[in-house]
Amino acid sequence: MNAIIEVEDLHHSYGDFTAVNGISFRVHTGEIFSFLGPNGAGKSTTINILTTLLPLQRGRVRVNGYDVRKEKKRVRESIGIVFQDEVLDGDLTVWETLEFHGRIYGMPRAERRERIEEMLKLADLEEKTEERVKYLSGGMRRRLEIARGLMTRPAVLFLDEPTLGLDPQTRYRIWKYIEKVNREGTTIFLTTHYMEEADSLSSRISIIDHGKIVITGTSEELKNSIGKDLIYLETVNKEKASQIIGSFSEVRGVRDSLRGLEVSLEADGQRFLPRLIVSLEKEGVEITSISLKKPTLDDVFLHYTGRELRDEGPQGKKVAMRRRRGR
Amino acid sequence: MNTAFLTVYWRDMIRFRRFKPMLFSTLVQPILWMAFFGIGMSSNFDRFSQFVKLPPGIESVDYLTFMAAGVIAMTTLFTSLFGGISLLFDKRWGIMKEMLASPMPRTHILWGISLSGVTKALIQAALIMSFGLLIGVKFFSGYSAVEVLISLLGIAIFVTVFSLGFLFLSAGITMRLESMEGVQGIMTLLTMPLFFSSSALYPVEGFPSWLRAISVVNPLTYLVKGIRYFAIGEDFFAMGTHYTYSIYDVLLSLGFLTIFALLTYLFAWVTFRRACPGEGFGD
Ligand SMILES: Nc1ncnc2c1ncn2[C@@H]1O[C@H](COP(=O)(O)OP(=O)(O)OP(=O)(O)O)[C@@H](O)[C@H]1O
Ligand SMILES: [Mg+2]
């Protein structure tokens, strides 16, 4: 597959603090690639380097085939960015915001005007065209920012925590919107705190912590990598079931749970479950109910970073709100 | 040709029109200077200068006319020095990041901001002249229509070149600083000595030698000279002082201002080339 972003051994320090500590990854053309990591992991720093907003200190980075150190202008022409912080001039109207953007990217007038119409429709802001940006709701402002990032038809769109501080409905709408944009051919590089977001949107995910990539893969691969598929099984004959289950090499352990048994697996539970059912029935163990619980991305995250996202919970939420500057 | 600077200009002018209090103070402040300081002081100064003996047949230029040129110069100085401040807002709202991440050449930010600063300065100069003529400033007296036009053009050129010099300086300084307080502090610190060591409001001939030395390198002195040459004439008396300007003086003044603008441009250019939004501000 073609790599539209290639990063090799990237380092970045602020003074003597190392924020990015030797990361390498590739983003394939057409995919949605996510950086998932706690506060201060180095996500924004990486994005800033990839988008030429920070100088490349060490390593090799190519975006859309261009070297970010030597071909800055080409890189800039290839990308769209939605920053983590809100970047909007509240005193301009929605239309002026897009017009300004198109003009600084050198889009010819006719194309620009046409694109503005398209973008307004896509972002569902047609009725707000002449409204000053400061009078838009937070979700509308974010949609406007995403539309602006897309306006120049970038090969890659960078989204730094696009749904931070938004309500679930708005967040969901923005996800749909991102998917739509991606289907139309834009490669997306996303950073997020939200497991759910990374899980539902991404083709592939890198978990990043303390400036290092801990693991990269599809959400499935990440979950399977921790080998913790769980099977919940209800039966009257717990003893016998437990014995049979324990004899499989795929099984890591069997525990008594409230109503039945909880089986943790080393292997892919989806493949294992049918075999287990068959052999239990052959031995005459009657199963009342059975369910397979896939480990969530939360489990994966905990496994690899040894801690929960520091941004979750009521206190974390406050941090998030503060970072998105209200005006 | 890349015309991104026109876009930066376009946006800055929208903001200028939209911020009503700002627009109001920009337009009204110079008029207040003329109305209060000008009229107030001129009755005083004109009384004193009656006692100065002038060669027969020569009439002294009244104070209001003398200082009107100074008010244009001073207003241009203020507007230009504070012209770069909009960059601070751009940094704060992140628009600077948007611009720096775009393929637009970075110097266009500087050009666009400067162009809008010059526009504001020219509007103010025009306003001061119109209002001045209304309250009795004797600019262009005895000029033919063509001479008036040439003079207006001359004044516009002086104001533009001077304004650019200080806009570049202001933009360069603002780009390096983070806080409004810092920028305002520096600008205020600069205005005082520039303003009071110039001949904007009184002749420098009576200054002690060290102050005169400062006034010789003060760009404001040369702007005032240029405006007076075009608006009042090449040979006149004002406040007991005989002023003669040759065309060479005027060209030399323009040359000085041009060199000043080139130097400040260099300073701003270096600053903008190095500008790196991820380092100094943002997240
Ligand atoms: N301009 C800066 N100067 C000094 N240190 C910085 C600067 N920007 C970021 N850092 C530090 O670098 C580390 C990584 O920051 P970065 O913004 O990349 O994290 P992040 O993964 O985007 O976090 P978040 O999820 O909170 O946005 C943090 O420890 C941060 O304090
Ligand atoms: Mg970040």
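Convention: sequence-line order gives letters A, B, ...; per-chain numbering from 1. Remember, it's a predicted structure, so these values are computed and weren't measured experimentally.
- Counting heavy atoms of neighbouring residues, nucleotides and ligands inside a 6.0 Å radius, atom CZ of B:F37 exceeds 12 of them.
- Of all the listed residues (A:E77, A:K73, A:R74, A:E96), the one sharing the greatest number of non-hydrogen pairs under 4.5 Å with chain B is A:E96.
- Contacts between A:L92 and chain B at a heavy-atom distance below 4.5 Å involve backbone atoms as well as side-chain atoms.
- Looking at A:D89 and B:R11, their side chains come closer than 4.5 Å, going by heavy atoms from C-beta outward.
- With chain A as the partner, the residue from B:M104, B:R18, B:M99, B:R15 showing the most heavy-atom pairs under 4.5 Å is B:R18.
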Run the side-chain contact (heavy atoms from CB on, under 4.5 Å) test on A:R76 and B:L100 for me, step by step, so that the C-alpha distance in whole Å, both residues' side-chain angles and the decisive distance to 0.1 Å come before the verdict.
CA-CA 9 Å; A:R76 289 177 186 147; B:L100 292 180; over 6 Å; no
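- A distance of 9.5 Å separates CD1 of B:I14 from CZ of A:F100, quoted to the nearest 0.5 Å.
- In the displayed structure, B:M22 atom CE is contacted under 6.0 Å by at most 12 heavy atoms of other residues, nucleotides or ligands.
- Between the NE2 atom in A:H101 and the CD1 atom in B:I95 there is a gap of 10.5 Å [rounded to 0.5 Å].
- Two residues are said to be in side-chain contact when any heavy atoms from C-beta on lie closer than 4.5 Å; B:K97 and A:I81 fail this criterion.
- When heavy atoms are compared at a cutoff of 4.5 Å, B:F89 does not approach chain A at all.
- Salt bridge A:R148/B:E98: present, at least one basic N to carboxylate O contact under 4.0 Å.
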Working note: A:D91 + B:F19, criterion side-chain contact (heavy atoms from CB on, under 4.5 Å); need CA distance, chi angles, decisive distance, verdict.
CA-CA 9 Å; A:D91 295 303; B:F19 278 136; 3.1 Å; yes
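- For A:E197, the salt bridge (charged side-chain N to carboxylate O under 4.0 Å, His left out) criterion is met by no residue, not counting sequence neighbours.
- Scanning for salt bridge (charged side-chain N to carboxylate O under 4.0 Å, His left out) contacts around A:E71 gives an empty result, with sequence neighbours left out.
- The aromatic rings of B:W10 and A:W95 stand perpendicular to each other, their planes meeting at an angle above 60°, with 30° marking the opposite boundary.
- Looking at every heavy atom in both residues, B:R106 comes nearest to A:T52 through NH2-O, 4.5 Å.
- Among B:P105, B:A4, B:S102, the residue making the largest number of heavy-atom pairs under 4.5 Å with chain A is B:S102.
- Heavy-atom distances place no part of A:S78 under 4.5 Å from chain B, backbone and side chain included.
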